[in-house]
There are 2 protein chains.
Amino acid sequence: MTGVRRKSGSVPVSLATVAAAAEVSISTVSRIVNGQTHRASRETIERVRGAIETLGYRPNQLGRALKRGESRVVAMLTANLNNPVMATVASSAEAALRAAGYVMILCDTHDRPELQDEYLKAMRSQAVQGYILVTNVKSPGLAEFVARGEPAVFACRRNPYASGAFVGIDNVGAGADAADYLWSRGCREPAVLFPAQSSSTIEDRLAGFSMRLLELGGRCSKAEAPGLSHLDVGYEAARSLLDRASLPQGVMCLSDQIAYGAHRLFFERGLRVPDDCVMVSIDGSTLSSWLAPWLTSVRVPYHEFGRHIVDLLGEIWRGEASGERILPHAFQSDVSSDFE
Amino acid sequence: MTGVRRKSGSVPVSLATVAAAAEVSISTVSRIVNGQTHRASRETIERVRGAIETLGYRPNQLGRALKRGESRVVAMLTANLNNPVMATVASSAEAALRAAGYVMILCDTHDRPELQDEYLKAMRSQAVQGYILVTNVKSPGLAEFVARGEPAVFACRRNPYASGAFVGIDNVGAGADAADYLWSRGCREPAVLFPAQSSSTIEDRLAGFSMRLLELGGRCSKAEAPGLSHLDVGYEAARSLLDRASLPQGVMCLSDQIAYGAHRLFFERGLRVPDDCVMVSIDGSTLSSWLAPWLTSVRVPYHEFGRHIVDLLGEIWRGEASGERILPHAFQSDVSSDFE
DNA sequence: CTGAAAGCGCTTACAG
DNA sequence: CTGAAAGCGCTTACAG
């Protein structure tokens, strides 16, 4: 039709178009597209494949999803994409999903309950087939979500309402390892810096650290600070620590970002790490070997999370009982081992 | 039906269920859901709303998208999610899309042409309504994509095949600013470190820097290195630089990540920045103020990109001529201005 | 003010 | 070996 201006894009080719071009029925094309080649003659198959090729046909996933009742779309809800840890998990999940033939919708809840609920509803509307949750502050919507038994894998932080599919590390153990490390460096009364906004991760790391220190015969002072960005948390917590006490021999930071923030305050006050104060944290971000060689950190294999998350999703979809995947953590024996 | 075990999740409520509950037709419910309240009686509206409420109905976007021909899903293709710059752009785009009622499918192409093409096809299958491209290495699929006139906004890097909707900064100008800065610090023959894998961003920054330096009467040596991670690029480029020449007074790094990488090599060789060598780069990552106070960087407002990207997408959908958005860049006058 | 019907693109028994 | 028909959940002229 001349005179008709299309805004943009080109009309996608439908099954009907292919069928017309190949002079067969829609059903036949559909079967061939879906690999049911044993139910058609050689010539038909070739004719249909030719038409598909020349027309550039690709099945519309909306139609398929509507009919089949499975969308091959997975939603990932993350607490804060600007946190490199979350970005790494998102990236590894995305790669694993793609390899399995799924696509990922990404949602950033900023750790806000209302936003989390909004996204949970929106994703249900999208008819996503599964959920990856790296957020889960408590919220009414999440409670209902869990009660409905939606197919979800929790990563890093546990489901706050029930047990179930989870990918993470032994955070209690990692906290204990950090205590051992400081102890071995001679710190008997270290401080621990942590965020006011808690989560199972934070609680576990904190508990593991304190308990181990107690076992060893030490004790720790605590400093917390509010904020979504752990950089700010570390800076402010370190400030409140130094404002009320003298510098401890060692500081445990519950995440690498907290360590970065604390380090900056130390730096501003002329304190050197580790010369004036030993610092340990948990995460083991790659970036530290580049920019924070002064930091010792328990390494968490975040780049492996995606694979296990997708494995667990598969188990859930197949109706298998789906458990936890606790991945190994370890100190980086040598920072330079991170290079290859 | 007793005995039937559902794997997980609960059956979503459809328009038909609501209609039955409210004892009206599907059409009527649909109209009310879509706000066409002026075509129904008060009682009907209330009855329907009641049913929607108690049943927890939410429209299935698949059905809606299929019928309307618009999915309210946007695909974002990014070159490397683990790069904080990309993560920031992704995060800002996600927020802007949500505010406009869209959801974002995220794809990580790892800057590989085949993967880029695979994603481009997969997204077409998903019937996404628009594209945000922060990747665009050249590839056959991207060329066809552009030729088809698909609704897309390019961010950071330009469309390699045509002009059109773009959000970014004046990279030539930013490169020139970096040259001015080094010049003002007395560097007459600085080195520039850049990745072997190029893009419009890299080319423009490089051209702006060299040209300006020439104008000023200086000259620069160049060092490049391969790799997807600019951390590696910076490290290797710095090595090749130092292995063949003496330390220049100043070094220009085409991205913050390159600067981090170069700094590490300098550090390993006992060289101090900026005492032994001034370093400047482009990006102005927030992280630098925490971990790399030795770095001076041209600040790019990546967190603003999302807003403009979504604006441009809207223009494209409305059929308006859609142009470029060149956002302002500037040196961080004072690193501490980043705190509030 | 309300509903029956067609159709978006697809899959899948069912019939031939 | 192949096709007509029903239906996934929705919207929207059209008729009443």
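All chains are named by letter (A, B, ...) in the order of the sequence lines, taking the proteins before the strands, and each is independently numbered beginning at 1.
If you take CD1 of Ile26(A) and C1' of dA5(D), they are 11 Å apart, rounded to a whole angstrom. Asn34(B) places its CG atom 10 Å from the P atom of dC10(D), with the value rounded to the nearest Å. Rounded to an integer number of Å, the gap from Arg31(A) CZ to dG3(D) P is 8 Å. The interatomic distance linking Arg72(A) (CZ) with dC10(C) (P) rounds to 16 Å, in whole Å. As a whole-Å value, the separation of Gln36(A) CD from dG3(D) C1' is 14 Å. Protein atom CZ of Arg47(B) is 14 Å distant from nucleotide atom P of dC1(C), rounded to whole Å. Atom CG in Leu15(B) sits roughly 13 Å away from atom C1' in dG3(C) (whole-Å rounding). Protein atom CD of Glu70(B) is 13 Å distant from nucleotide atom C1' of dC8(C), rounded to whole Å.
The phosphate of dT2(D) (OP1 or OP2) has no side-chain N or O of Ser25(A) nearer than 4.0 angstrom. Side-chain N/O atoms of Ser27(B) include none lying less than 4.0 angstrom from OP1 or OP2 on dT2(C). Look at Thr44(A) and you'll find a side-chain N or O under 4.0 angstrom from OP1 or OP2 of dT2(D). Remark: Thr28(A) is not in phosphate contact with dC1(D), judged by side-chain N or O atoms under 4.0 Å from OP1 or OP2.
On the P atoms, dC10(D) is 25 Å away from dC1(C), given to the nearest whole Å.
Thr78(A) and Asp108(A) form no side-chain donor-acceptor contact under 3.5 Å, judged by distance and modelled atom types alone. Side-chain atoms of Asn34(B) and Arg64(B) form a donor-acceptor pair, as typed in the model, at a separation below 3.5 Å.
Val33(A) comes within 4.0 angstrom of no nucleic acid atom, judged by non-hydrogen atoms across all strands.
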Paired and unpaired positions of DNA chain D as dot-bracket, Watson-Crick or G-U wobble under 3.5 Å, | denoting a partner strand: |||.||||||||.|||

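Taking a 4.0 Å limit (strictly below) on heavy-atom distances, residues 59-68 of chain B reaches DNA chain D at Pro59(B), Asn60(B), Gly63(B), Arg64(B), Leu66(B), Lys67(B), Arg68(B).
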